[in-house]
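Working notes, structure below.
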Protein chains: 2
Amino acid sequence: MKQTHAVGIKIVFFTVSEGKLFAFLPNHRVPEQSLSHNHTLEEEASICVKKTLGLTPHEGFVEQLYTISDPTDVHAVTVVYYMLVPPDRVSIDKKGKWLPVFENKQAVTDDKILFYAVQRLQWKIEYTNAVYSLLPNQFTLGELQRVYEAILNKSLDKRNFRKKILSLGMVKDTGKKRKQGRARPAEVYTFVSRKLTIVEIL
Amino acid sequence: MKQTHAVGIKIVFFTVSEGKLFAFLPNHRVPEQSLSHNHTLEEEASICVKKTLGLTPHEGFVEQLYTISDPTDVHAVTVVYYMLVPPDRVSIDKKGKWLPVFENKQAVTDDKILFYAVQRLQWKIEYTNAVYSLLPNQFTLGELQRVYEAILNKSLDKRNFRKKILSLGMVKDTGKKRKQGRARPAEVYTFVSRKLTIVEIL
DNA sequence: ACAAAAGTGTTAGAAATACACCCATGT
DNA sequence: ACATGGGTGTATTTCTAACACTTTTGT
């Protein structure tokens with residue numbers, strides 16, 4: 001005799017904007033959805049992404065975090081994911097629901113999930129190219145650094161950062177330059193690969 | 001309207017013995033069990049551990065790996081764990097069901113799960129004291145090194161290994177010595193903590 | 001001329017790696 | 001005496017971290 005359970009998924013959506021890490025938390029909650037029959041978890045996650053932000057999952061980077069269970073909850077079993085959302089796909093009308101992760105002082109229902117997701121994200125960007133999904137196709141090293149700083153919540157040394165990134169070979173120079181304001185134009189880079197890659201020094 | 005799903009758990013049991021990493025694979029399968037109502041995943045995992053090997057989970061180290069889904073499977077959703085089993089709790093009569101992970105050439109039904117579990121385990125022991133659960137309370141550095149070598153599937157330099165382990169402060173000297181065979185008696189060590197600890201150099 | 005961000009090298013300390021011999025015991 | 005596993009130190013290389021000034025552009 002087989003027993004069945006209500007299964008849900010939760011997705012912590014992250015984006016970086018104005019030098020800050022934001023999470024999508026409408027009503028101070030992590031978006032959640034029930035798993036339907038005939039759907040895999042991945043399919044259901046796609047639907048959740050679509051429904052919540054109007055995106056498809058391959059527009060960002062999605063990773064499964066872990067699975068929790070609580071027989072007394074609406075969902076006896078909940079599979080938790082996080083997704084990195086490119087800032088240009090964040091629509092303005094949802095602005096109020098994106099909370100700055102490190103500054104927010106409001107209570108968040110799923111704060112443990114949120115903090116764990118942040119930690120896993122911080123970890124992930126240290127040894128993979130996962131940040132590609134938080135930057136447009138072309139970007140400057142300054143922009144890249146600001147994304148790292150926003151996620152790690154600390155400032156980094158410019159020279160050491162560039163040395164590291166370039167030695168890892170995760171980005172390549174396009175030869176183009178971009179002017180911004182009244183500053184010196186910056187070199188424009190692209191990611192060598194826009195798929196998740198373990199970057200390690202051989 | 002809420003839909004429900006059959007949920008299962010699978011546990012990859014590891015142990016180290018005779019200098020080799022073994023996984024418990026009766027019928028070349030990873031042990032599996034259905035989640036019952038009123039049980040959390042952790043409770044169900046405990047029951048599975050008990051039923052499969054006659055142990056309680058706190059006799060070893062248990063970690064959740066990830067959750068997979070297949071709507072056409074007996075279990076639409078399966079949560080995968082691995083557990084490190086102290087070798088002295090491995091009973092002889094189950095001997096034939098423990099397969100040597102790196103030497104085994106027989107087909108294993110859940111080989112992807114198995115290999116992923118091995119990889120996560122290899123990773124884990126690099127920055128935590130998780131191996132405590134594969135050693136008795138008292139052990140020599142030689143025994144500890146053989147456990148690392150079995151899991152990493154490569155040999156390590158004795159001097160560098162000892163330097164590293166001692167500098168991490170995860171073990172302490174008991175002052176006792178243990179004679180084994182016709183060799184020089186070895187210092188006996190214990191783990192500073194038998195809880196999972198992130199070991200890093202400050 | 002000045003404000004703003006981009007770009008660039010060196011040095012010192014820490015950590016990782018490679019490597020070979022003597023020690024204490026049992027047979 | 002010899003076989004077995006235990007124990008120890010040094011030199012090299014690599015990685016990390018700290019640090020300040022010049023360049024190019026717009027105003």
Side-chain angles (χ1 to χ4, degrees), chain A residues 16-20 122-123 125-128 135-136 138-150 152-190 198-202, chain B residues 16-20 122-123 125-128 135-136 138-150 152-190 198-202:
Chain A
V16 171
S17 156
E18 307 151 30
K20 287 180 203 160
Q122 289 179 333
W123 224 350
I125 64 168
E126 303 258 17
Y127 68 97
T128 70
L135 286 154
Q138 305 207 328
F139 54 88
T140 67
L141 290 186
E143 290 168 341
L144 182 61
Q145 182 174 345
R146 283 188 287 277
V147 171
Y148 270 92
E149 290 175 335
L152 299 175
N153 195 30
K154 66 178 181 191
S155 55
L156 302 172
D157 179 88
K158 202 206 303 190
R159 281 171 292 191
N160 293 338
F161 178 78
R162 296 162 100 90
K163 221 180 304 172
K164 179 85 163 287
I165 293 294
L166 295 173
S167 80
L168 294 175
M170 63 187 250
V171 298
K172 60 170 188 278
D173 195 330
T174 61
K176 296 188 220 169
K177 291 200 187 289
R178 172 185 306 169
K179 311 195 179 192
Q180 31 199 12
R182 56 175 169 173
R184 172 175 174 176
E187 273 295 327
V188 173
Y189 289 80
T190 59
I198 309 284
V199 288
E200 49 187 343
I201 302 152
L202 317 178
Chain B
V16 170
S17 155
E18 307 151 29
K20 287 180 203 161
Q122 289 180 333
W123 226 348
I125 64 167
E126 303 258 17
Y127 68 97
T128 70
L135 287 154
Q138 305 208 327
F139 55 88
T140 67
L141 290 185
E143 289 168 342
L144 182 61
Q145 183 174 346
R146 283 188 287 278
V147 170
Y148 271 92
E149 290 177 332
L152 298 175
N153 195 29
K154 67 178 181 192
S155 56
L156 302 172
D157 180 87
K158 202 204 305 189
R159 281 171 292 192
N160 293 338
F161 177 78
R162 296 162 99 90
K163 220 180 304 173
K164 178 84 164 285
I165 292 294
L166 294 174
S167 80
L168 293 175
M170 62 187 250
V171 298
K172 62 169 187 280
D173 195 330
T174 61
K176 296 188 221 169
K177 292 200 187 288
R178 172 185 305 168
K179 312 197 177 190
Q180 33 198 10
R182 55 175 170 174
R184 172 176 174 175
E187 273 296 327
V188 173
Y189 289 80
T190 59
I198 309 283
V199 287
E200 51 187 341
I201 302 152
L202 317 178

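The analysis underlying the following values was restricted to heavy atoms, covering all of them including side chains, and did not include hydrogens, waters or symmetry mates. The chains referred to below are lettered A, B, ... by the order of the sequence lines, with proteins before strands, and numbering in each begins at 1. Since the structure is predicted, the reported quantities are computational estimates derived from the model, not experimental observations.
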Within less than 4.0 Å of OP1 or OP2 of D:dG6, is there a side-chain N or O belonging to B:Gln145?
no

Any heavy-atom pair between the side chains of B:Arg146 and B:Val16 that's under 4.5 Å?
no

Are A:Asp173 and A:Leu166 packed together at the side-chain level, in the sense that at least one heavy-atom pair is separated by less than 4.5 angstrom?
no

Of the options B:Asp157, B:Leu156, B:Ile165, B:Thr140, which is the one that meets B:Gln145 in a side chain to side chain contact (heavy atoms under 4.5 Å, CB included)?
B:Leu156

Show me the protein contacts with nucleotides 20-22 of chain C, counting only N or O atoms at under 3.5 Å.
residue : atom : partner  : partner atom : Å
C:dA20  : N1   : B:Arg159 : NH1          : 3.2

Which sits closer to the 5' end of DNA chain D, B:Glu187 or B:Ala183, going by the nucleotide each is nearest to?
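This one resolves to B:Ala183.
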
Name the residue closer to the 5' end of DNA chain D, choosing between A:Lys179 and A:Asn160 according to the nucleotide with the nearest heavy atom.
A:Asn160

To the nearest Å, how far apart are [X] [atom1] and [N] [atom2]?
X	N	atom1	atom2	result
B:Gln180	D:dG7	CD	P	9 Å
A:Arg162	C:dA5	CZ	P	14 Å
B:Lys164	C:dA15	NZ	P	11 Å

Kindly point out which of D:dA18, C:dT27, D:dG26 is positioned nearest to the side chain of B:Arg182?
C:dT27

When you get a sec, tell me which of D:dG26, D:dC19, D:dA3 is the closest nucleotide to the side chain of A:Asp157?
D:dC19

Can you find a donor-acceptor N/O pair under 3.5 angstrom joining the side chain of A:Lys163 to the base of C:dT10?
yes

Could you tell me whether B:Glu149 and B:Lys154 make a salt bridge, using a distance below 4.0 angstrom between a side-chain N and a carboxylate O?
no

